[in-house]
Amino acid sequence: MSSKQYLSKRVLNIPPSGIRKFFDIANQMEDVISLGVGEVDFPTPWHIRLEGIKAIQDAKTYYTSNRGLLELRKGICDYYARRFNAYYNVDNCLVTVGASEAIDLVMRAIVDVGDEVIILQPGYVAYAPTISLAGGVVKIIELKEEENFKLTKEKLAAAITEKTKMLFINFPSNPTGGIMSKEDYLPLLPLIKEHNLVVLTDEIYAELTYGKKHFSIAAFEEIKDQVIVINGFSKAYAMTGWRLGYILCPEEILDYLVRIHQYGIMCPSTISQYAGVKAINDGDKDVVLHCDIFEQRRNLLVNGLNRIGLKTAMPEGAFYVFANISSTGLNSEEFCEQLLANQRVAVVPGTAFGECGEGFIRISYAYSLPEIKEALQRIEKFIQQLKSNGK
Amino acid sequence: MDELKLLQVLKNDPRISITDLADILNESEESVIRTKHRLEDEKIICGYHTVINWDKTNSDYCSAMIEVACRPERTVGYDKVASEIAKFDEVSDLFLMSGANEFMVILHGKTMRDVADFIGQKLAVIDGVKNTTTYFILKRYKSEGVRLEKEEIKNERLLVTI
């Protein structure tokens with residue numbers, strides 16, 4: 001008898017990751033130029049790392065309160081007011097083990113069995129499974145390239161049913177790089193109010209926008225008691241491995257999030273939290289520096305892709321280009337597998353982010369300019385090969 | 001065009017091609033060429049230099065920082081003396097300073113003897129120079145923002161992550 005029999009139905013229903021095999025091959029290959037990574041290439045800024053070292057030296061290695069260090073929560077609230085005009089106090093803030101824990105917490109606290117949660121695709125892979133694990137039903141809104149991957153009033157209205165509990169958004173978006181401005185959100189507000197939707201907004205890429213500053217939906221006072229903000233330190237301060245994130249939401253919701261968090265997690269790493277205090281209070285200049293560098297990389301990549309013949313619009317946020325490869329005649333996975341095999345360039349098939357990602361690839365520009373240039377040259381060779389084979 | 005961005009890119013990579021520069025700045029090549037020429041004409045871009053760690057070459061190389069005290073002159077202040085000091089090829093950098101002395105000179109020669117001779121025979125005898133204090137540079141760790149002996153930190157990122 002297989003040990004699989006002991007697993008719960010809930011867990012058995014989690015679909016296996018279809019592209020895991022592709023990732024495993026890519027991760028084991030040598031001489032691969034990868035534009036496939038979802039994390040920043042810069043090391044954590046030195047002054048932030050020093051704070052972590054200091055915490056260890058000073059034996060700041062005990063548990064913190066379940067909600068996280070008071071000074072960190074205060075720093076987070078000040079930061080959201082300073083950067084995004086969304087006003088919270090420390091009782092609205094919970095420090096989590098990355099934004100990932102935060103997503104799981106919110107699902108478990110908000111979703112009852114059978115509740116519908118609307119997510120946007122192409123979108124991050126973890127969203128749908130966390131909803132299913134909580135017993136919720138995933139409703140997908142497919143965002144379109146020709147609408148710059150924005151959420152429109154029409155699309156939202158069509159997705160809402162009487163069972164809809166929550167709208168889960170992620171702007172700037174992984175994988176599309178799309179953003180939503182204040183003006184883009186305004187037409188959605190009546191629907192959110194009318195249907196009493198909880199809005200869960202994953203703002204992990206908030207600091208990475210080019211041109212327009214990030215607008216947080218939490219800045220609309222009229223729906224603030226319906227909004228739950230998730231953010232973290234990974235992308236803004238290049239702190240992925242520190243595993244530090246947070247939630248900002250109404251106190252009545254937060255108190256119940258804490259009930260789950262206190263039993264499952266207790267508190268995130270104390271050392272990471274002390275480094276986080278430094279980052280949130282003194283990291284604004286690091287963010288600006290990173291953002292300037294990313295903008296240069298984005299421009300090099302997008303202009304290069306267009307020159308090669310992969311027509312791509314300039315994305316306004318995150319560090320991804322969601323490029324349309326349908327003109328090559330290959331589907332997303334074929335394109336990625338052949339590009340990896342022939343030119344040793346790793347990018348991610350659009351289908352990893354939902355079925356509607358078919359015909360696209362996600363290219364990350366969290367790489368140095370010379371790496372991007374080399375990858376572009378290889379992609380160009382690949383495209384030329386495809387063309388000459390087709391003739 | 002954002003000139004500061006252009007300068008920032010060129011500072012990091014003076015050898016960059018016009019095409020790449022235009023792509024990075026999201027501007028046309030013509031516009032980049034025009035702006036670059038103007039910045040050169042206006043002496044905002046003053047040169048395209050290479051950061052070299054001479055310690056690793058076989059050539060003899062000796063540098064010193066020299067504080068120079070001097071008297072200002074009527075109507076021209078310190079500028080006349082500065083102009084005299086700057087004429088020498090051996091002088092790579094020259095600054096008017098706050099603090100105890102007026103000028104800081106950075107000097108390159110082949111040997112300590114070269115540098116000492118230069119100071120005694122050429123620098124100290126300039127009209128207006130009162131005295132000099134010399135600091136020989138023993139080893140350079142960082143120059144022009146570049147770590148000369150970089151610790152190799154291996155980037156441990158996975159190749160593909162979502």
Side-chain angles (χ1 to χ4, degrees), chain A residues 17 19-20 22-30 32-43 124-126 174-175 210-211 240-241 289 292-293 295-307 314 336 340 344 346-349 352-353 362 364 366-373 376, chain B residues 1-36 38-40 44-45 48-53 140-162:
Chain A
S17 167
I19 50 164
R20 178 51 53 199
F22 170 70
F23 288 177
D24 289 344
I25 295 168
N27 277 324
Q28 283 165 13
M29 273 171 88
E30 303 269 317
V32 172
I33 293 255
S34 170
L35 298 184
V37 172
E39 65 179 320
V40 181
D41 57 327
F42 315 115
Y124 182 56
V125 283
N174 173 16
Y210 315 102
T240 42
L289 183 72
D292 283 350
I293 294 172
E295 186 173 3
Q296 295 178 5
R297 294 167 170 186
R298 176 199 64 163
N299 293 349
L300 181 69
L301 178 60
V302 172
N303 288 319
L305 288 172
N306 281 310
R307 187 169 295 116
M314 201 62 94
C336 293
L340 182 65
R344 294 189 171 250
V347 296
V348 180
F353 307 95
R362 189 196 73 177
S364 161
Y367 296 90
S368 69
L369 292 171
E371 284 172 308
I372 292 172
K373 187 140 173 64
L376 277 169
Chain B
M1 175 175 323
D2 189 332
E3 291 178 9
L4 290 180
K5 284 191 176 157
L6 183 142
L7 292 171
Q8 207 50 253
V9 178
L10 276 178
K11 185 182 177 301
N12 291 330
D13 184 6
R15 298 171 308 163
I16 193 166
S17 72
I18 292 293
T19 307
D20 288 349
L21 195 52
D23 277 357
I24 287 169
L25 299 169
N26 206 22
E27 300 279 353
S28 70
E29 292 190 14
E30 299 73 46
S31 161
V32 166
I33 292 169
R34 207 170 39 243
T35 308
K36 195 164 169 249
R38 186 173 51 70
L39 291 168
E40 287 164 1
I44 291 172
I45 295 174
Y48 300 90
H49 285 57
T50 307
V51 182
I52 296 171
N53 186 357
R140 297 198 306 166
Y141 293 93
K142 194 171 179 180
S143 182
E144 302 286 337
V146 180
R147 294 271 293 273
L148 298 183
E149 291 188 26
K150 210 169 186 175
E151 299 163 57
E152 277 300 322
I153 298 179
K154 200 170 157 256
N155 190 326
E156 303 269 3
R157 281 194 305 175
L158 293 170
L159 278 182
V160 180
T161 51
I162 301 259

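Computed from a predicted model, the values in this text were never measured in an experiment. Residue numbers start from 1 in every chain, and the chains themselves are labelled A, B, ... in the order their sequence lines are given, proteins ahead of strands.
Considering only heavy-atom pairs separated by less than 4.5 Å from chain B, the leading option among A:L301, A:I293, A:V125 is A:V125. The greatest number of non-hydrogen atom pairs below 4.5 Å with chain B, out of A:R298, A:K373, A:E295, A:Q296, is found for A:Q296.
Across all non-hydrogen atoms, the minimal contact from B:L159 to A:M29 is CD1-O, 4.0 Å. Taking all atoms of both residues into account, the shortest heavy-atom contact from B:T161 to A:G38 is OG1-N, 2.9 Å. Summarising the geometry of A:Y124 relative to B:I162, their closest heavy-atom pair is CE1-O, 3.9 Å, with the distance given to 0.1 Å. The two atoms that bring A:L300 and A:L376 nearest to each other are O-CD1, 3.7 Å, heavy atoms only.
Between the NZ atom in B:K11 and the CG atom in B:L6 there is a gap of 14.0 Å [rounded to 0.5 Å]. In this structure, CG on B:L21 lies 11.5 Å from CG on A:N299, to the nearest 0.5 angstrom.
Two residues are said to be in side-chain contact when any heavy atoms from C-beta on lie closer than 4.5 Å; A:L340 and A:F22 meet this criterion. Within the 4.5 Å cutoff, side-chain heavy atoms of B:V51 are placed close to those of B:L148. You'll find the side chain of B:E3 reaches within 4.5 Å of the side chain of B:L39, heavy atoms only.
One N or O on the side chain of A:Y367 and one on the backbone of A:S34 form a donor-acceptor pair closer than 3.5 Å. Side-chain atoms of B:R140 never come within 3.5 Å of backbone atoms of B:N53 as a donor-acceptor pair (strictly under, hydrogens ignored).
Contact annotation for A:D41: both backbone and side-chain heavy atoms come within less than 4.5 Å of a heavy atom of chain B. If you measure heavy-atom distances from A:V348 to chain B, the contacts under 4.5 Å come from the side chain alone. With a threshold of 4.5 angstrom between heavy atoms, A:N27 approaches chain B through its backbone and through its side chain. Only the side chain of A:M314 comes within contact range of chain B, judged by heavy atoms closer than 4.5 Å. Contacts between A:L369 and chain B at a heavy-atom distance below 4.5 Å involve the side chain alone, from C-beta outward. Only the side chain of A:R307 has a heavy atom closer than 4.5 Å to any heavy atom of chain B. For A:R362, the part sitting under 4.5 Å from any heavy atom of chain B is the side chain, from C-beta outward, and nothing else. Looking at A:A346, the atoms closer than 4.5 Å to chain B (heavy atoms on both sides) all sit in the side chain, from C-beta outward.
Listed by sequence position, B:D23, B:I24, B:L25, B:N26 are the residues of residues 23-33 of chain B in contact with chain A, using a 4.5 angstrom heavy-atom cutoff.
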